[in-house]
**Q** 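Structure below; questions to follow.
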There are 2 protein chains.
Amino acid sequence: MIDARLITLRVFARCGTIGATAELTGYSPSAVSAQLRELQRVLGMQLLTKDGRGVRLTATGRFLVAGSDPLIAQWESLRAAAMEAGDQVQPHFGLGGFSTAAAQLLAPLAATLRSTRPELEVQVLEADPARCFDLLIAERIDLAVIVAMQSEAYGEDDPRFEQTVLLDDPLDVIIPADHPLASRETATLEELAAEPWITEAAGSTYHSLFTAAFTAVGVTPRIAHEAVEWETQIAFVGAGLGVGLLPRLAPLRGAENVVRLRITGKAKPARRIVAAVRRGSIASPLIQESLGILQVNADRILTARLEEDH
Amino acid sequence: MIDARLITLRVFARCGTIGATAELTGYSPSAVSAQLRELQRVLGMQLLTKDGRGVRLTATGRFLVAGSDPLIAQWESLRAAAMEAGDQVQPHFGLGGFSTAAAQLLAPLAATLRSTRPELEVQVLEADPARCFDLLIAERIDLAVIVAMQSEAYGEDDPRFEQTVLLDDPLDVIIPADHPLASRETATLEELAAEPWITEAAGSTYHSLFTAAFTAVGVTPRIAHEAVEWETQIAFVGAGLGVGLLPRLAPLRGAENVVRLRITGKAKPARRIVAAVRRGSIASPLIQESLGILQVNADRILTARLEEDH
DNA sequence: TCGATCATGCGTCTATTTTGCATGGTTATC
DNA sequence: GATAACCATGCAAAATAGACGCATGATCGA
């Protein structure tokens with residue numbers, strides 16, 4: 001019930017350009033431009049100012065955006081409380097998540113919701129963590145399952161969101177089948193430090209996982225190749241180009257010539273998978289139910305993993 | 001920046017009927033009906049239920065309306081802070097007030113604002129106190145100058161508003177020029193208890209002032225006639241039909257055969273004139289400036305009154 | 001200097017919203 | 001107990017607001 005134009009302004013505060021705001025909100029750039037102009041008109045405030053070939057927020061604009069955080073949270077909280085008190089049914093529910101998280105956790109969630117609440121229109125958007133937060137702000141989605149990350153844009157305790165840990169997904173190492181260590185079941189990062197590593201491009205979503213894993217043990221890996229998708233990385237490893245890190249949740253799918261080893265040693269690298277919602281909305285019955293389903297699935301994964309290790 | 005449909009719902013919660021809501025908001029009844037239906041659809045909540053020939057709020061609806069009070073206040077507060085921080089100019093400003101208050105305080109305020117802020121579009125609505133509160137909720141006006149009252153609908157410390165005392169306007173008594181007491185300058189209510197009184201209809205806006213004045217001294221007046229406008233009441237008194245109470249701010253305008261006496265005695269009946277704004281908006285520079293102007297005018301009235309009494 | 005990027009204005013179109021009237025159901029009045 | 005008044009709502013038409021696409025102008029990097 002917060003005016004859509006204020007939401008648009010908040011998205012703009014995130015992206016910085018009209019074009020990106022349009023892409024994220026689903027409007028056209030001229031629509032965003034018109035909305036923000038209209039917003040300034042009705043409020044009687046100058047929120048934007050020209051800056052080079054773009055525009056940027058004025059001090060007033062930044063003030064308004066920052067101050068609107070608790071407003072959004074309070075509305076979400078009110079809505080959640082009303083939903084809970086009145087036992088009402090939400091008409092639409094947007095989910096967001098990235099690759100493996102989406103496949104392993106989000107898809108089952110959507111399927112469950114679809115069967116338990118047939119009248120609910122569930123929409124799933126695959127997007128990387130940073131974009132998931134953007135989509136939450138833009139109110140395109142209501143719940144995101146993402147890899148915890150400390151990006152420059154969103155901290156772990158951002159006042160706009162509430163996050164719940166679902167599970168820690170350990171990173172394995174994958175090596176070519178003809179590698180000397182291929183017969184082993186475990187390896188340490190130190191043992192593999194000298195190998196040619198295959199990772200994502202620096203600055204990409206999961207690259208920080210890679211660096212964090214190695215800084216924890218104090219060695220500097222040699223990055224030989226870059227891949228975007230896990231599938232590509234696996235193929236590279238299969239071709240003998242090097243070794244790589246692969247989250248346990250990412251399946252090998254019987255890839256040729258690739259062996260997966262558990263990582264042992266003092267540092268056990270892992271990625272933390274969390275669910276994020278807009279602050280205040282966590283009390284919503286639909287969110288609560290979803291978090292419950294996610295947690296059940298996460299626990300199931302952990303249990304299966306324990307049995308497997310045993 | 002709160003969705004207009006939520007504002008409409010809040011107004012409905014006040015009025016209870018679609019028609020009254022339409023009148024107050026300026027929409028047509030079918031528009032209000034459609035808005036509320038749409039609101040229920042997007043929220044996925046049932047807010048209204050049929051009740052006889054009308055509709056009434058469900059428990060969820062009441063919950064939502066009550067919970068939206070702080071939301072509105074917080075938005076107003078944010079807007080006020082942004083206006084103050086950014087030194088921005090509001091495009092529109094709505095004022096409300098009733099009869100003498102409007103004439104003596106609101107008109108000068110509007111005139112002053114018109115000259116100091118030419119680009120500001122000032123709109124003045126004459127309305128009785130209860131309606132002024134309604135208009136504040138409906139966001140048709142931003143500031144109201146009213147007679148303090150404890151109606152069944154709005155208490156003095158309603159969480160939706162903030163009120164500031166401007167001045168206490170004493171009630172005088174007006175009697176026919178040929179009345180035995182006409183040569184006096186003051187009178188007590190006890191002396192006049194037996195007179196035939198002219199007042200407003202029971203239940204009307206200022207009738208409670210009348211009854212409060214007499215209950216304070218413990219006598220029961222005899223109500224002979226009823227008038228709606230002060231002008232009418234004065235004419236009745238001039239015609240010798242009885243005596244009446246008249247606020248000091250209401251001018252006699254050289255009415256024929258009518259004498260005005262100060263009331264003395266243990267109880268000095270008065271009406272308290274206050275300015276009311278939506279909670280949170282009081283920090284707005286425009287509101288602050290307006291309150292200042294109102295206070296200056298009120299003090300000027302009080303000073304002139306002191307000199308006159310001297 | 002050229003090309004790329006970005007915001008914005010304008011004309012057009014679409015979608016939403018409002019209106020006015022008619023209808024159905026409910027209460028009050030005589 | 002019949003009639004009138006009242007209230008909400010559905011429907012079609014009208015008005016309004018909003019979005020889109022394209023073109024323009026401005027700016028930055030190569």
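Naming convention: chains lettered A, B, ... in sequence-line order (proteins, then strands); numbering from 1 in each chain. Values below: all heavy atoms of this structure, side chains included; hydrogens, waters and symmetry mates excluded. Just so we're clear, the structure is a prediction, and the values are computed from it rather than from any experiment.
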**Q** For I7(B) and dT17(C), what is the distance between atoms CD1 and C1' respectively, to the nearest whole Å?
**A**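 Distance check: I7(B) CD1 to dT17(C) C1' gives 18 Å.
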**Q** Starting at the 5' end of DNA chain D, which residue's closest nucleotide do you reach first, K50(B) or G52(A)?
**A**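 Taking each residue's closest nucleotide, the earlier one in sequence belongs to K50(B).
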**Q** Between the side chains of R10(A) and S68(A), does any donor sit under 3.5 Å from an acceptor?
**A**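 Distance-only check passes for R10(A) and S68(A).
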**Q** Classify the ring geometry between Y154(A) and F133(A) as parallel (under 30°), tilted (30 to 60°) or perpendicular (over 60°).
**A**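 Rings of Y154(A) and F133(A): tilted, as their planes differ by 30° to 60°.
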**Q** Provide, to the nearest angstrom, the distance between the CG atom belonging to L36(B) and the P atom belonging to dT9(D).
**A**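 My rounded result for the distance is 8 Å.
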**Q** Looking across every strand, which nucleic acid part, if any, lies under 4.0 Å from Q35(B) by heavy atom: base, sugar-phosphate, or nothing?
**A**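 Result for Q35(B) = sugar-phosphate.
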**Q** Expressed as a whole number of angstroms, how long is the span from R53(A):CZ to dT24(D):C1'?
**A**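 Roughly 16 Å, once rounded to whole Å.
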**Q** Using whole Å, what does the distance between atom P of nucleotide dT8(C) and atom CG of D51(A) come to?
**A**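 Result: 12 Å.
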**Q** Would you kindly check whether a donor in the side chain of S30(B) faces an acceptor in the base of dG20(C), or vice versa, at under 3.5 angstrom?
**A**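 Flag set: donor-acceptor pair detected.
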**Q** Determine whether the side chains of T199(B) and E226(B) contain a donor N or O and an acceptor N or O closer than 3.5 Å.
**A**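 T199(B) vs E226(B): no donor-acceptor pair found between side chains.
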**Q** When you measure from the side chain of P29(B), which nucleotide among dG25(C), dT5(C), dT9(D) comes out closest?
**A**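 Nearest to the side chain of P29(B) among the choices is dT9(D).
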**Q** Please determine whether salt bridge (charged side-chain N to carboxylate O under 4.0 Å, His left out) holds for the pair E121(B) and R114(B), giving the CA-CA distance in whole Å, both sets of side-chain angles, and the decisive distance to 0.1 Å.
**A** CA-CA 8 Å; E121(B) 183 192 331; R114(B) 222 178 260 280; over 6 Å; no
**Q** Please report the distance, rounded to the nearest Å, between CD1 in I18(B) and C1' in dG10(D).
**A**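 I18(B) atom CD1 is separated from dG10(D) atom C1' by 14 Å.
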**Q** Starting from P on dC6(C), measure out to CG on L48(A) and report it in whole angstrom.
**A**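 Answer to the nearest Å: 16 Å.
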**Q** Do the side-chain N or O atoms of R37(A) get closer than 4.0 angstrom to the phosphate oxygens (OP1, OP2) of dG9(C)?
**A**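 So the side chain of R37(A) is within the cut-off, an N or O lying under 4.0 Å from OP1 or OP2 of dG9(C).
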**Q** Go through the side-chain N and O atoms of S284(A) and E84(A) and say whether any donor and acceptor fall under 3.5 Å apart.
**A**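 Looking only at side-chain atoms, E84(A) and S284(A) do not form any donor-acceptor pair under 3.5 Å.
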**Q** I need the CZ-P distance between R56(A) and dA7(C), as an integer number of Å.
**A**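 In whole Å, dA7(C) P lies 13 Å from R56(A) CZ.
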**Q** Just compare dC7(D), dA19(D), dA7(C) and give me whichever is closest to any side-chain atom of S28(A).
**A**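 So the nucleotide nearest the side chain must be dA19(D).
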**Q** Using a cut-off of 4.0 Å on non-hydrogen atoms, how would the nucleic acid contact of A31(A) be classed: base, sugar-phosphate, or nothing?
**A**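 Answer is sugar-phosphate: A31(A) comes under 4.0 Å of backbone atoms only.
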**Q** Rounded to the nearest angstrom, tell me the gap between atom OH in Y27(A) and atom C1' in dC6(C).
**A**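 Interatomic distance, OH of Y27(A) to C1' of dC6(C): 21 Å.
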